K.L.:
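Sending over a structure as structure tokens; questions will come in a sec.
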Amino acid sequence: MDIQRPRGTRDFLFEEMKERREIENTLRRVFETYGYGEIKTPLFEDLALFTKKSGEEITGQIYHFQDKSGRELALRPELTAPVSRLYINELQKSPKPLKMYYFGSCFRYERPQKGRYRQFWQMGCELIGGKSPESEAEIIAMAAHSLEELGVKDFEIHIGNLGIIRGILHQANAPKIVYDTIMAVIDKGEVEELLKTLNEVEIDPKASEILIKLVGMVGQREIIKETSEIIKDNPKSVEALNELDELLDILEAFGFTNYKVNLGIARGLDYYSGIVFEIYAQGLGAQKQISGGGTYNLIEIFGGEKVESTGFAFGFDRLVECVRLCGEEKTHHKTVDVYVAPVSKDVKLKAIEIAQKFRKDGIKTEVDLVGRKLKKILNQANNLQVDYVILVGERDLKEGKVTVKNMESGEQELVEIESVTQMMIDLLK
RNA sequence: GCCGGGGUGGGGUAGUUGGUUAUCCUACGGGACUGUGGAUCCCGCGACUCGGGUUCGAAUCUCGGCCCCGGCCCCA
């Protein structure tokens with residue numbers, strides 16, 4: 001029998017886990033310096049939580065099942081819906097703005113490819129209530145700050161505001177179906193296709209012309225001015241653009257200037273109510289988006305009081321890829337500092353006692369468990385890149401001593417058992 | 001769901017116009033070596049992704065499944 005790992009899943013070994021853990025800790029540290037607190041939600045939820053948010057169609061891409069009493073459940077495909085649910089269940093009347101972050105795995109039934117797995121991890125933040133350009137800027141700043149802390153260099157933050165395009169479509173009296181179609185096409189970023197679609201649907205040619213111009217608006221801050229010319233006859237769009245402009249001022253105060261304004265970012269779903277942003281990294285193939293976020297009104301959809309929230313999430317696995325690409329040669333980390341080597345079987349108990357003393361003082365210690373010969377133990381210690389080996393042998397023990405061997409220099413020294421722990425603590429400082 | 005490229009010991013590979021016992025490196029276990037590591041030598045362990053077909057004979061040809069890689073669709 002040969003049991004395989006399910007498709008699209010991965011096993012992580014020691015070095016990789018260490019790497020992932022370090023990235024996780026870095027993000028945690030950054031999020032906490034901005035005052036965000038960690039939450040955790042269940043791995044599975046009521047299926048309806050996700051269909052309500054994204055439509056019935058997503059069941060095709062979700063792992064869902066019935067439990068033994070017939071409840072329709074689903075492995076979570078993302079975390080913003082569960083976080084909104086948690087807010088409604090536990091935190092509705094808490095003081096705003098409420099800041100939280102999360103880290104956990106999600107599941108999607110999709111074709112695996114580079115940077116896309118069936119079990120993947122997301123780590124992100126949510127700021128609920130108190131919607132303001134300041135809040136939105138803080139969220140974007142945190143995302144950028146995180147990448148800086150991780151040493152990721154080649155990334156682009158694209159920021160847009162859905163209100164601008166919405167204003168145009170609203171003024172043109174586009175019916176819902178047309179609206180949805182157009183937003184979906186814009187989201188794809190295919191100008192050709194947008195042209196085609198705009199010709200097919202009945203829409204004011206003037207609005208159509210403006211839309212074409214808008215989706216091509218990607219660049220430095222100057223394009224705000226250009227855009228304001230294009231949309232000057234549409235108060236709602238102007239308002240959204242001004243909001244964006246203000247947000248950029250604030251973002252610069254947060255110390256981040258390397259963003260791009262991108263008015264072509266769209267989201268098909270209509271609970272998005274303001275800014276949207278995406279972060280792209282180099283070298284990840286087709287899955288170059290490592291983070292996305294925005295301001296939305298999800299909580300109302302789930303039956304809570306109307307509160308807007310702003311959030312973002314990193315595709316953690318893609319982030320790990322990125323850090324690996326940007327990072328310098330990873331050094332092979334040793335797992336322990338000291339190896340306690342019994343010279344013969346008669347002293348193995350003594351060796352264990354000494355190892356335990358070390359461990360109680362926080363020294364990472366390995367002790368021979370399989371009765372190997374001294375030669376093999378030294379070999380093993382060498383492979384593990386251990387700094388010191390403690391040779392425990394009868395000859396030394398008679399004098400109440402052990403031999404401390406420095407594995408790099410090869411030098412060794414006889415040391416009183418009583419003082420060896422302190423000596424190791426000092427040596428390893 | 002679609003297109004293309006793949007799958008040989010734990011890892012990396014040779015072999016693929018069908019033909020004995022499937023190559024080499026590395027890792028691992030043991031030994032040469034009874035209180036001293038990285039070297040050397042010896043021994044051992046261990047593989048043709050799975051199933052059907054063609055054939056006297058299949059790792060090799062063929063069909064299908066599974067899985068991996070890249071891309072499309074999708075991306076909450």
Side-chain angles (χ1 to χ4, degrees), chain A residues 1-11 13 45 47 49-62 74-84 106-118 120 122 124 184 187-190 193 266-272 276 278 284-294 296 298 301 311 313 315 318 339 341-347 351 370-398 401-414:
Chain A
M1 188 171 61
D2 175 27
I3 298 176
Q4 303 224 341
R5 186 167 15 93
R7 180 163 197 196
T9 63
R10 294 155 294 163
D11 293 317
L13 303 186
E45 295 269 2
L47 175 65
L49 178 65
F50 304 111
T51 53
K52 239 183 191 165
K53 179 182 178 217
S54 315
E56 290 296 329
E57 317 83 64
I58 48 138
T59 50
Q61 281 125 233
I62 280 183
L75 297 185
R76 60 189 186 197
E78 45 101 17
L79 279 161
T80 52
V83 167
S84 303
C106 301
F107 304 82
R108 292 184 190 178
Y109 192 87
E110 292 184 298
R111 178 80 171 76
Q113 52 181 288
K114 190 180 176 71
R116 176 183 282 186
Y117 305 96
R118 288 185 171 180
F120 58 98
Q122 284 193 341
D187 193 19
K188 277 193 193 173
E190 303 253 339
E193 211 176 324
R267 289 286 154 83
L269 300 157
D270 33 72
Y271 48 76
Y272 280 91
V276 279
E278 293 179 350
L284 298 184
Q287 315 297 328
K288 63 174 184 170
Q289 191 187 328
I290 54 170
S291 177
Y296 32 79
L298 250 188
I301 294 186
R318 293 179 191 174
Y339 206 119
V343 164
S344 64
K345 284 205 174 86
D346 326 320
V347 294
V370 289
R372 275 198 247 255
K373 290 180 186 170
L374 182 59
K375 200 171 254 268
K376 291 285 175 189
I377 294 174
L378 285 167
N379 197 351
Q380 172 97 359
N382 188 50
N383 285 339
L384 293 172
Q385 301 186 352
V386 168
D387 297 322
Y388 297 95
V389 169
I390 310 298
L391 292 146
V392 181
E394 259 171 313
R395 212 156 65 202
D396 304 344
L397 284 176
K398 274 183 192 151
K401 291 178 177 173
V402 290
T403 301
V404 173
K405 183 182 178 78
N406 178 323
M407 288 298 279
E408 206 181 329
S409 64
E411 287 165 14
Q412 43 190 65
E413 190 183 338
L414 265 175

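First the proteins, then the strands, lettered A, B, ... as listed; each starts at 1. Keep in mind that the numbers below use all heavy atoms, side chains included, and drop hydrogens, waters and symmetry copies. Only a predicted model underlies this, so the values are computations on that prediction, with no experimental measurement involved.
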K.L.:
At 4.0 Å (heavy atoms only), tell me whether A/Gly60 reaches a base, stays on the sugar-phosphate, or touches nothing.
P.N.:
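The answer is nothing, as A/Gly60 stays clear of every strand by at least 4.0 Å.
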
K.L.:
Have a look at A/Ser344 and say if it touches a base, only the backbone sugar-phosphate, or nothing, with a 4.0 Å heavy-atom cut-off.
P.N.:
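Counting heavy atoms under 4.0 Å across all strands, no contact is made by A/Ser344.
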
K.L.:
Using atom names, set out every protein N or O paired with an N or O of nucleotides 71-76 of chain B below 3.5 Å, distance rounded to 0.1 Å.
P.N.:
unit_1, atom_1, unit_2, atom_2, d
B/G71, OP1, A/Ala286, N, 2.8
B/C73, N4, A/Gln113, NE2, 3.2
B/C73, N4, A/Arg116, NH1, 3.0
B/C74, OP1, A/Lys188, NZ, 3.0
B/C74, O2, A/Glu110, OE2, 3.2
B/C74, O2, A/Arg116, NH1, 3.0
B/C74, O2, A/Arg116, NH2, 3.3
B/C74, N3, A/Arg116, NH1, 3.2
B/C74, N3, A/Arg116, NH2, 2.7
B/C75, O2', A/Arg108, NH1, 3.2
B/C75, O2, A/Arg116, NH2, 2.9
B/A76, O2', A/Lys53, NZ, 2.1
B/A76, N7, A/Arg108, NH1, 2.9
B/A76, N6, A/Arg108, NE, 3.3

K.L.:
Has A/Lys373 got a side-chain N or O lying under 4.0 Å from the OP1 or OP2 atom of B/U36?
P.N.:
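No.
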
K.L.:
Using purine N1 to pyrimidine N3 plus N6-O4 or O6-N4 for Watson-Crick, or N1-O2 and O6-N3 for G-U wobble, both under 3.5 Å, which nucleotide pairs with B/U23?
P.N.:
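Here B/U23 is not engaged in any pair, so there is no nucleotide opposite it.
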
K.L.:
Using Watson-Crick or G-U wobble geometry with both distances under 3.5 Å, which nucleotide pairs with B/A47?
P.N.:
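Its partner: none found.
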
K.L.:
Starting at the 5' end of RNA chain B and moving along, which residue's nearest nucleotide shows up first, A/Glu411 or A/Arg372?
P.N.:
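With A/Glu411 and A/Arg372 compared, the 5'-side residue is A/Arg372.
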
K.L.:
If pairing requires Watson-Crick or G-U wobble contacts with both distances under 3.5 Å, which nucleotide is the partner of B/G4?
P.N.:
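Paired with B/C69.
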
K.L.:
What is the distance from CZ of A/Arg395 to P of B/G35, rounded to the nearest Å?
P.N.:
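Between P of B/G35 and CZ of A/Arg395: 8 Å.
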
K.L.:
Rounded to the Å, how far apart are A/Asn382 CG and B/A39 P?
P.N.:
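About 8 Å, once rounded to whole Å.
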
K.L.:
In whole angstrom, give me the gap between the C1' atoms of B/G51 and B/G37.
P.N.:
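50 Å, rounded to whole Å.
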
K.L.:
Please name the nucleotide paired to B/G57 by Watson-Crick or G-U wobble geometry with both distances under 3.5 Å, or report none.
P.N.:
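In the structure as shown, B/G57 has no Watson-Crick or wobble partner.
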
K.L.:
Could you check A/Met407 against A/Gln380 and say which one's nearest nucleotide on RNA chain B is further toward the 5' end?
P.N.:
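The residue mapped nearer the 5' terminus is A/Gln380.
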
